[in-house]
Amino acid sequence: MSAPGPDPVSLLVYHPDGAAPYAQLIRVPAGREVTIHACTTEAEAAAVIGDVEVAYAWKLPPMLYGKAPKLRWLQAIGAGVDWALVPELPSRVVVTRAPGVFGPWMSEYVLGWCSWITQRMETYRAAQRQRRWLDDVLPGRLRGKTLTLVGVGDIGREIARVARAVGMHVIGVSRSGERVPAVERVYRPGYLARALAAADFVVVVVPLTKKTRGLIGERALAAMRPGAWLLNIGRGAVVDEAALVQALQTHRIAGAVLDVFPTEPLPADHPLWGLDNVVITPHVAGPSTAEEIAPVFNDNLARWLRGRPLQHVVDRARGY
Ligand code: OXD
């Protein structure tokens with residue numbers, strides 16, 4: 001008679017927009033048994049969560065944590081983990097992120113919209129609609145412009161690398177102020193205004209934590225140059241929205257490209273919709289795809305099943 005193998009592991013894949021694509025790409029190492037529950041609603045997840053040890057999820061409803069006595073590990077699908085680090089999350093649960101997946105998307109988003117500004121794409125397209133040959137208006141260059149990154153984690157670093165490649169100057173702001181590749185100078189938060197004042201483009205890419213909520217408020221916006229643009233691809237609540245609307249309406253800054261908002265979807269009657277110096281995109285700067293995140297999860301799953309330490313563990317005290 002052979003010895004019994006290790007106990008089967010119960011795994012919840014949760015994604016409100018569809019869990020099946022993520023579940024299908026899970027690779028279970030030979031010799032191990034994993035029961036996979038793919039759920040898209042809270043009710044479906046509530047029916048199985050009692051046995052679940054591992055969750056691979058996007059925006060897992062917090063009420064489920066109280067019904068999950070065996071939950072030990074949560075792999076976040078998505079760039080941010082603020083939705084996971086709620087008071088209901090038991091301290092025994094390790095949360096892991098997926099670095100490396102979102103930076104390439106978000107750097108294209110940032111460089112794309114910066115080019116939309118400098119290349120005056122809107123102006124030429126408008127002239128085209130009027131059949132006008134607009135040869136007295138010239139595009140600008142990204143080369144030589146300064147991009148300030150508020151946040152230089154893995155996503156910020158990738159943006160810095162790409163921005164440097166087109167000849168931009170890159171400045172950063174981070175908690176530690178430590179040097180970062182491709183970033184010419186990193187300031188601590190106490191010098192935020194100085195970093196903002198140097199920028200043609202300010203890119204907000206910090207996680208939402210107690211310390212970053214409302215970080216870009218009236219004073220920060222006042223420190224920016226009148227010709228500068230703000231791009232927010234982190235979390236809406238990092239920017240004080242009322243102060244931003246005011247700065248845009250009064251042309252205190254040139255404009256904003258906004259992918260994230262404190263309330264999503266952005267309500268139809270929100271003043272931002274009506275401002276001509278604002279670009280609104282619906283939280284798409286760094287989309288999650290099952291194909292890109294699967295290797296990160298599968299590597300960690302193999303570690304978990306072998307009892308080895310997980311990679312990319314979130315520091316819950318810091319919030320990222
Ligand atoms: C996010 C994401 O965390 O879209 O915002 O992945």
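One-based numbering, in listed order, for ligands and for the atoms of each.
Note on ring orientation: taking the six-membered ring where Trp is involved, the planes of Trp113 and Trp116 are perpendicular (angle over 60°, cut-offs 30° and 60°).
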Could you list each nitrogen or oxygen of ligand 1 that sits under 3.5 Å from a protein nitrogen or oxygen, with the atom names and the distance?
from     : atom 1 : to     : atom 2 : distance (Å)
ligand 1 : 3 (O)  : Ala79  : N      : 3.1
ligand 1 : 3 (O)  : Gly80  : N      : 2.6
ligand 1 : 3 (O)  : Arg235 : NH2    : 2.9
ligand 1 : 4 (O)  : His283 : NE2    : 3.1
ligand 1 : 5 (O)  : Arg235 : NH1    : 2.6
ligand 1 : 5 (O)  : Arg235 : NH2    : 3.2
ligand 1 : 5 (O)  : His283 : NE2    : 2.6
ligand 1 : 6 (O)  : Ala79  : N      : 2.7

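Residue Tyr124 belongs to a hydrophobic cluster whose other members are Leu134, Val137, with links defined by side-chain heavy atoms closer than 4.5 Å.
Put simply, CD on Glu292 and CG on Leu25 are 11.5 Å apart, with the number rounded to the nearest 0.5 Å.
Each of Thr209, Val206, Leu208 was scored for a side chain to side chain contact (heavy atoms under 4.5 Å, CB included) with Tyr320, with one residue passing: Thr209.
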N/O donor-acceptor pairs under 3.5 Å from side chains in residues 47-57, not counting sequence neighbours:
from  : atom 1 : to     : atom 2 : distance (Å)
Asp51 : OD1    : Lys70  : NZ     : 3.1
Glu53 : OE2    : Trp304 : NE1    : 3.3

Tabulate below the donor-acceptor pairs under 3.5 Å that side-chain atoms of residues 159-170 make, not counting sequence neighbours, or state none.
from   : atom 1 : to     : atom 2 : distance (Å)
Arg161 : NE     : Glu158 : OE1    : 3.1
Arg161 : NH2    : Glu158 : OE2    : 2.9
Arg164 : NH1    : Met168 : O      : 2.9
Arg164 : NH1    : Glu184 : OE2    : 2.9
His169 : ND1    : Glu184 : OE1    : 3.3
His169 : ND1    : Glu184 : OE2    : 3.3

